[in-house]
Every structure is written in C-alpha cells, then in structure tokens.
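All remarks here apply to the structure that follows.
Lettering of chains follows the sequences in order, A, B, ..., and the numbering in each one begins at 1. If you're wondering where the values come from, they're calculated on a predicted model, not measured in any experiment.
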Amino acid sequence: MNVVEPMNVFDIFLERGFVEQTSDERAVREMLDDPVTCYIGFDPTSDSFHCGSLVPIMALAHMQRSGHRVIALVGGGTSMIGDPSGKTEARRMLTVEQIDANAGGLRKQLSHFLDFDGGRALMLNNAQWLRPLNYIEFLRDIGRHFSVNKMLSAETYRARLETGLSFIEFNYMLLQAYDYLHLYRSHGCTLQMGGNDQWGNILAGADLIRRVEGGKAEALTFPLLETATGAKMGKTELGAVWLDPERTSPYDYYQYWINTDDRDVERFLALFTFLPMGEVRRLGSLEGAAMREAKEVLAYEATRLLHGADEADGARDAARALFSGGSPGAGEAVPTGPLDASLLQGEGTPAFILFARAGLARSRGEARRLIEQGGAYINGRRIERFDEPVTGRDVEGGYILLRAGKKKYLRLGPVA
RNA sequence: GGGGAGGUUCCCGAGCGGUCAAAGGGAACAGACUGUAAAUCUGUCGGCAACGCCUUCGGAGGUUCGAAUCCUCCCCUCCCCA
C-alpha cells in the first residue's frame, strides 16, 4: 500500500492536459476520490485504432491505474447508423460481421494499455442492448425525454442541417444517451468521457440518467488535438498512423513521434507517456538541438507502451544507425522489402526503375525527378544519373539500402 | 414539381474554339539552411528510357482542320420557389 496519499486522477488529467470540458468540475473531482466506473465509446469502423484515439486510451489507462473501473464500449449498434458529430457527411454503415471482427482487433490493442484481467476493465458492445430494442418502447421510455428544438440547436446537428441530415443520424444522440443510461443501470457507471466533439452526446446521456433514474452522472471531454502546424493528430502524408504493427511498423511509429514539432513535445509527453510531470517539464524545456533528446524519449516511450521494449529498442537503434550515416547494417527494424535478385543480373536495373518498383516513388517519372533533384541514395551514396544501373556490386551485407529524401529508408533483400 | 447556378488535374479555384498537361493559391515532394523540428528560399508537382509521344477537364454522342471551351442527351451537386 502506498504511504503517500494517491493523487486524484482528475488532478492528473488536469495536469497532463486531458481536460477540455467537464459537466461539473468540483463534482467530478470529488467523485473520483473513491473508485468509480467510467466509460468511453469507440468506433468499430476499423479493426485498428490510429493515433487519434490515443488520448482516450491513455485516459482509460490513467483511470485504471488510479483504481477506477473502466469500460471500453464499442459502438457495434450505433456505428450501424453513423454519428454525424464533426462530420460533414454521413458515415458509411457497416455490417454486423464487420463490426464484430473489428471489435476483436480493437480489444487486442487496448490490452496493451489496459488490464482486462478479472473484470478490472471491460469491453462491451452496445449492439448487445441496442439491437433488441423495441421501437415503440424506446420512443415511449426514452424518446419522450428529448426535445427536438434543443437537439437542433446543438452544434453537432446545426452544421448538418445545411447539407442534409437523415432521420437515422438524427437519432444517434438518443442511442448514445441510452448507452450511458444502460451502463449506469447495469454497471453503476457514473462518468462518461470522450473527445470534445462528443460533448453534446455525453451530456444528453447524463441528462437522461437524471430524468429517468434521478441519478447523478458526469461528463468529461478531451481536447481535440492538432499539431502545432494545424495538422490532425495521427495523420501523415502516407495516411493514418495506426496502432496495428501490420499497418504501421514499430519503426514508422517511432518515426512519427520523433518527428514531432518542437512546440508539441511537452504536451505530447504529458499525454502519451506515463513519465512523471517533473521529467516531462524538464524535457519540454530543453533548448535547440537538445530538444532531440526529448523527442527520442517521447518516441521511445510511446513505442514501448504500444509495442513493448524490444520493438522500441529496435526502432530506436535503427533510427540512430540510419540517421547517423545510413549504414546498411542498421538492424532488423529498418523497413525492409523483398528484392528480385534477377534485377541485379548483368547490366542491372536503372536506379529510377528500382526506386519506383520499391515504392519509394509513385511512378517512374517521380523516381526520375527524385534522382534528378538529388534526393536519392543507394547505401548512403547520392545517385547522380536517373538511369544509373544498380547491380550485384551494390549489395552490401546481403542488402541494398535505398533512401528517398531525408527520411525515407528502405532496405531491399536479402540477396542470397 | 417550377426556376437558377454549377461539376476542371490531391483540395480550393481560373480558363470559355487553337498559343492548354491547363493560371493562381494550398497541400505534397526534392534541394539549400538545420536538430530526423519550425520558419525561410529555390525547384518539382498526369504517364512514358522523355526537347518528343500518350492519356486527362462529370458521362455518352455530335459540330469542327482543331474542343476543357460550341450543340444534344444523361448523371450528380448546390441555391431559390412550391
């Protein structure tokens, strides 16, 4: 047992930048002095989370570490409808099978951050209670508590009124409110959290609980993160940064974090690692080139949390080797692609064709431009001519290391 | 149902018979500068072994020596009225 009085998780949230709005700050803090049950809803539109979901995931992890019970709710029922929040267009609908399959993938990823043993954390699917709902009963028991006037004034729906809002989507708020009510009744859940775009829906649920059960339930939302340059969190030129190592390798995941804008480093260390705030502030205050140390810590910790220490070590070692000279023997974590050995026979293959085939350029024309602009390297040596042949002589240690631009590396091989 | 506006290369957005692979901006990419950051500057930004050839301007036809630009039909979007 801790001798020191454990910190209220609400203060941890405040200190680390998790809080955008709360239904009642004092009530929420007081409530969290004792163990509570809370939930966050996740969208099962994919079988993997991406970086954008890390804030809610980390929030659940903090809750659990502070002794609270957490529920990750996948919207198996609601995503068959499509949430209009923050969208300009309706979401596409998914089949029951897709949703169930996706939920499995999400659970696996959550288990890196949460301990599901012995019911300490639960993963529930709202399809369980939404699918059997009876329309007449639902209208009578739940629908009567909602004012259309009030809903239309909600920011969520106002924007959609411009472009068109189907009746199905319009009901999303009721279903999500019903989720909260259901979890309040069945699990004593008294706190729902979510991204700030969910504010209206979460409050609707807390309201419903008060009206129907006379109960008290709270809401807490997280800020919607943008990087300092205004980009959406977790998006790169190459697409989303996924938590699934099959889609975003630990190496690329590490790279995403190490490329964090200086101005975001402290904020991200607080949100995406468990490092003590003293250390976070120290790293965040580093100046100039020393900032790289902070980014390395951020990248390493973020990668370790998700993929484990071994993968994080590999990603860090590969990055260090590559970015300090680019030797081909940079380790197993370097992105590697297969090489058709016949390409190296005889005259070999012109470099621009090799780069295009390797996927480092979208077309041969692009590969050609890349080389002509001086952005292409083989084993650390800049390629001079676009059609410079690449042959067996370029194999070093069984591999050929290609580099496009400053940061994109691809190792081809092994060559027998 | 009636009337109006429009659909252009990743996005916004010019072009309205040849000089259009299509202005300008954004995004993106490369180079320089750096710290795998930001900002700035320069270049690139449909495909092709490439001073040329090929395929693009919602779709299908047509007029013309020649069409993103004109005509016909169709599809879609938005606005106003009902």
Side-chain angles (χ1 to χ4, degrees), chain A residues 88-90 159-166 226-233 235-241 249-269 283-300 302-303 312 315-327 330-331 333-335 343 347-378 380-390 401-410:
Chain A
T88 47
E89 280 175 31
R160 288 304 306 278
L161 246 34
E162 305 286 321
T163 54
L165 175 66
S166 79
E226 279 190 351
T227 66
T229 47
K232 232 179 171 179
M233 210 35 217
K235 292 278 181 191
T236 69
E237 318 73 55
L238 302 160
V241 177
S249 69
Y251 173 83
D252 287 328
Y253 192 75
Y254 182 93
Q255 285 297 314
Y256 175 74
W257 292 106
I258 207 153
N259 280 305
T260 298
D261 190 294
D262 283 13
R263 293 165 288 179
D264 292 325
V265 172
E266 185 167 331
R267 197 160 55 113
F268 287 1
L269 279 166
L283 289 166
S285 65
L286 292 175
E287 302 273 342
M291 185 53 95
R292 265 175 47 230
E293 181 197 336
K295 292 184 185 180
E296 200 170 73
V297 172
L298 171 63
Y300 183 83
T303 308
R316 189 227 268 135
D317 293 346
R320 281 180 177 168
L322 250 24
F323 287 90
S324 64
S327 66
V334 177
L343 292 173
E347 300 290 298
T349 301
F352 76 108
I353 292 177
L354 193 67
F355 271 74
R357 282 180 72 117
L360 287 171
R362 259 180 293 244
S363 66
R364 291 180 176 187
E366 196 172 284
R368 200 172 149 145
R369 276 196 299 277
L370 177 74
I371 296 170
E372 283 168 351
Q373 290 179 138
Y377 296 77
I378 288 179
R381 180 180 56 81
R382 178 179 270 180
I383 302 170
E384 301 297 337
R385 290 195 346 269
F386 79 92
D387 57 352
E388 190 174 305
V390 180
L401 184 69
L402 303 183
R403 174 182 150 199
K406 260 180 286 207
K407 301 173 192 170
K408 271 177 295 183
Y409 286 91
L410 184 65

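Base pairing of B:rA68: no nucleotide in any strand meets the Watson-Crick or G-U wobble criterion (both distances under 3.5 Å). Base pairing of B:rC78 is made with B:rG4, judged by Watson-Crick or G-U wobble geometry with both donor-acceptor distances under 3.5 Å. In this structure, B:rA30 and B:rU42 make a Watson-Crick or G-U wobble pair, each of the two defining distances being under 3.5 angstrom. Under the Watson-Crick and G-U wobble criteria, each requiring two contacts below 3.5 Å, nucleotide B:rU19 is left unpaired. Pairing partner, B:rC48: B:rG52, with both Watson-Crick or wobble hydrogen-bond distances short of 3.5 Å. Pair check for B:rA14 finds none; no Watson-Crick or G-U wobble contact set falls under 3.5 Å.
Annotation: B:rA38 and B:rA27 have their P atoms spaced 13 Å apart (nearest Å). B:rG61 and B:rA14 are spaced 28 Å apart, taking the C1' atom of each and rounding to whole Å. For the C1' atoms, the distance from B:rG26 to B:rC81 is 37 Å, rounded to whole Å. The P atoms of B:rC48 and B:rC33 are separated by 31 Å, rounded to the nearest whole Å. A distance of about 34 Å separates the C1' atoms of B:rA49 and B:rC65, rounded to the whole Å. B:rG4 and B:rC11 have their C1' atoms separated by 27 Å, with the value rounded to a whole Å. One C1' atom belongs to B:rU64, the other to B:rA50, and the distance between them is 31 Å to the nearest Å. Remark: the separation of the C1' atoms in B:rA21 and B:rC74 is 28 Å, to the nearest Å.
The structure places CD1 of A:Ile383 at 8.0 Å from CG of A:Leu370, a figure rounded to the nearest 0.5 Å. Here the CD atom belonging to A:Glu388 is positioned 6.5 Å from the CD1 atom belonging to A:Ile378, to the nearest 0.5 angstrom. Summarising the geometry, atom CD belonging to A:Glu366 is positioned 14.0 Å from atom CZ belonging to A:Arg364; distances are rounded to the nearest 0.5 Å. For the atom pair A:Met291 CE and A:Thr260 OG1, the distance stands at 10.0 Å (nearest 0.5 Å). The CG atom of A:Leu298 sits 9.5 Å away from the CG atom of A:Leu283 when rounded to the nearest 0.5 Å.
We find that CZ of A:Phe352 is positioned 18 Å from C1' of B:rA30, with the value rounded to whole Å. The interatomic distance linking A:Lys408 (NZ) with B:rC29 (C1') rounds to 7 Å, in whole Å. Atom CD of A:Glu384 and atom P of B:rG31 are 13 Å apart (whole Å). Separating the CD1 atom of A:Ile383 from the P atom of B:rA30 is a distance of 14 Å, rounded to the nearest angstrom.
Listed by chain and residue number, nothing satisfies the salt bridge (Lys or Arg N to Asp or Glu O under 4.0 Å) test with A:Asp252 (two or more places apart in sequence, or in another chain). Under the rule for a salt bridge (Lys or Arg N to Asp or Glu O under 4.0 Å), the partners of A:Arg267 that lie at least two apart in sequence or sit in another chain are A:Asp264. Among residues two or more places apart in sequence or in another chain, the salt bridge (Lys or Arg N to Asp or Glu O under 4.0 Å) test is passed with A:Glu226 by none.
Nucleic acid contact class of A:Arg385 (heavy atoms, under 4.0 Å, all strands): none.
Checked for salt-bridge contact, A:Arg368 and A:Asp387 miss the test: no charged N lies under 4.0 Å from a carboxylate O.
A 4.5 Å side-chain heavy-atom check between A:Phe352 and A:Arg385 finds every atom pair outside the cut-off.
Between A:Phe323 and A:Lys406, the shortest heavy-atom distance links the atoms CE2-O, 3.6 Å.
Where A:Ile353 and A:Leu370 meet RNA chain B, the nucleotide closest to each residue was compared, and A:Leu370 sits on the side nearer the 5' end.
A:Arg263 contributes no side-chain N or O that, together with a main-chain N or O of A:Val265, makes up a donor-acceptor pair within less than 3.5 Å.
Between A:Tyr377 and A:Tyr409, a ring centre-to-centre spacing not shorter than 6.0 Å is recorded.
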For nucleotides 35-42 of chain B, 5' to 3', base contacts (B), sugar-phosphate-only contacts (S) and non-contacts (-) with protein non-hydrogen atoms under 4.0 Å give BBBS----
Under-3.5 Å N/O pairs linking protein and nucleotides 52-55 of chain B:
none

Pairs under 3.5 Å (N/O, protein and nucleotides 43-47 of chain B):
from: B:rG43; atom 1: N2; to: A:Gln373; atom 2: OE1; distance (Å): 3.2
from: B:rU44; atom 1: O4'; to: A:Gln373; atom 2: OE1; distance (Å): 3.2
from: B:rU44; atom 1: O2'; to: A:Arg369; atom 2: NE; distance (Å): 3.1
from: B:rG47; atom 1: OP1; to: A:Ser363; atom 2: OG; distance (Å): 2.7

